[in-house]
K.L.:
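Sharing a structure below in structure tokens format, with a few things to ask.
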Amino acid sequence: MMDWWHLLVSFFLANVFGYGGGPSSIPLMFQEIVTNHNWMNSSEFSNMLALGNALPGPIATKIAAYVGYQIGGWIGVLIAVAATVVPSIIALIILLNMLQKYKQSPVIKGMTLLVQPVIAIMMVLVTWSSLVESTKAIGYLQFIGIAAVAFYLIQIRKIHPAFVILAGFVYGGIFLST
């Protein structure tokens with residue numbers, strides 16, 4: 001019962017304060033999932049994030065569903081996804097009405113511009129944490145090799161990132177699990 005409460009509060013807070021959607025709430029979810037509750041370690045969170053990005057749909061709800069199931073089964077899924085979606089639905093209804101009314105206001109335009117650097121810094125911190133954990137787990141040379149191959153496949157060969165992520169999972173499952 002207490003785990004359900006922690007799921008509700010954690011995902012609610014991460015999504016209430018995650019202005020801008022999934023990418024801005026990921027660092028907040030990381031804080032709740034990894035740091036505050038130890039439901040996963042950094043490596044597991046990075047793997048879940050990679051898998052979530054390979055699947056269609058919003059990332060925040062996929063993270064909520066995955067963690068919710070791990071912590072509380074199907075009821076955990078319902079609680080975590082509801083805590084993720086309901087704040088956005090309520091805020092969307094309220095904000096759309098306000099934005100429509102005040103869309104030319106310089107204050108509204110300024111608030112939107114001021115939030116962007118904060119989101120960028122939060123994403124850099126999560127990326128840095130994932131980079132540190134990955135290099136600890138597999139070493140710098142293998143990390144650089146995987147990054148170079150991924151860059152080549154996505155940027156030069158124009159292969160869809162989902163296929164590159166899938167190839168990374170296969171590589172990790174075959175070569176790194178031993």
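Computation of the quantities below employed the complete heavy-atom set of this structure, encompassing side-chain atoms and omitting hydrogens, waters and symmetry-equivalent molecules.
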K.L.:
Could you give me the CA-CA distance, side-chain angles and deciding distance for I33 and H37, then say whether side-chain contact (heavy atoms from CB on, under 4.5 Å) is met?
P.N.:
CA-CA 6 Å; I33 294 166; H37 297 290; over 6 Å; no
K.L.:
Out of L95, I89, I90, which one pairs with I93 under the side-chain contact (heavy atoms from CB on, under 4.5 Å) rule?
P.N.:
I89
K.L.:
Can you find a pair of side-chain heavy atoms, one from V126 and one from M122, that are under 4.5 Å apart?
P.N.:
no
K.L.:
Would a 4.5 Å heavy-atom cut-off, applied to side chains only, mark V67 and I63 as touching?
P.N.:
yes
K.L.:
Check the angle between the aromatic planes of F163 and H160 and answer parallel, tilted or perpendicular using the 30° and 60° thresholds.
P.N.:
perpendicular
K.L.:
So, S10 side chain and L7 main chain: donor-acceptor pair closer than 3.5 Å or not?
P.N.:
no
K.L.:
Any side-chain heavy atom of P58 within less than 4.5 Å of one from T61?
P.N.:
yes
K.L.:
Check the hydrophobic clustering (I, L, V, M, F, W, Y; side-chain heavy atoms under 4.5 Å; chains of links allowed) and say if Y171 and F169 are grouped together.
P.N.:
no
K.L.:
Enter the distance from Y69:OH to I75:CD1 here, rounded to the nearest 0.5 Å.
P.N.:
12.0 Å
K.L.:
List, one per line, each side-chain donor-acceptor pair under 3.5 Å for residues 46-53, sequence neighbours excluded.
P.N.:
| residue | atom | partner | partner atom | Å |
| --- | --- | --- | --- | --- |
| S46 | OG | S42 | O | 3.0 |
| S46 | OG | S130 | OG | 3.0 |
| N47 | ND2 | S43 | O | 3.4 |
| N53 | ND2 | L49 | O | 3.2 |

K.L.:
Within a 6.0 Å radius of atom CG on L141, are there more than 12 heavy atoms belonging to other residues, nucleotides or ligands?
P.N.:
no
K.L.:
Would you say the side chain of F143 lies within less than 4.5 Å of the side chain of K136, judging by non-hydrogen atoms?
P.N.:
no
K.L.:
Would you kindly confirm whether F12 and I26 end up in one hydrophobic cluster when ILVMFWY residues are joined by side chain heavy atoms under 4.5 Å apart?
P.N.:
yes
K.L.:
Between S129 and F30, what is the shortest heavy-atom contact and its length?
P.N.:
OG-CZ, 3.5 Å
K.L.:
Tell me the closest heavy-atom pair linking K158 and Q155, and the distance in Å.
P.N.:
NZ-O, 2.9 Å
K.L.:
Can you hop from F45 to L13 via hydrophobic side chains spaced under 4.5 Å?
P.N.:
yes
K.L.:
Residues in side chain to side chain donor-acceptor pair (under 3.5 Å) with N36, at least two apart?
P.N.:
Q31, E32
K.L.:
Determine the minimum heavy-atom distance between P87 and A82, stating which atoms define it.
P.N.:
CD-O, 3.9 Å
K.L.:
Does a side-chain heavy-atom distance below 4.5 Å link I138 with I146?
P.N.:
yes
K.L.:
Do Y152 and V149 come within less than 4.5 Å of each other through their side chains, counting heavy atoms only?
P.N.:
no
K.L.:
List the atom of N41, the atom of V34, and the distance in Å for their closest heavy-atom pair.
P.N.:
O-CG2, 3.9 Å
K.L.:
With clusters defined by side-chain heavy atoms of hydrophobic residues (ILVMFWY) lying less than 4.5 Å apart, directly or transitively, does I119 cluster with L114?
P.N.:
no
K.L.:
Report the distance from atom CD1 of I144 to atom CD of Q142, rounding to the nearest 0.5 Å.
P.N.:
11.5 Å
K.L.:
Applying the 4.5 Å side-chain criterion to the ILVMFWY set and letting contacts propagate, would I79 and F11 be lumped into a single cluster?
P.N.:
yes
K.L.:
Rounded to the nearest 0.5 Å, what's the gap from CG on L8 to CG on D3? Could you check?
P.N.:
12.5 Å
K.L.:
Here's a test for you: under side-chain contact (heavy atoms from CB on, under 4.5 Å), which of V86, V85, L28, T84 qualifies with N15?
P.N.:
T84
K.L.:
Suppose we screen for side chain to side chain donor-acceptor pair (under 3.5 Å). Which residues come up paired with Q70, at least two apart in sequence or across chains?
P.N.:
none
K.L.:
Do W39 and H6 come close enough that some side-chain heavy atom pair is under 4.5 Å?
P.N.:
yes
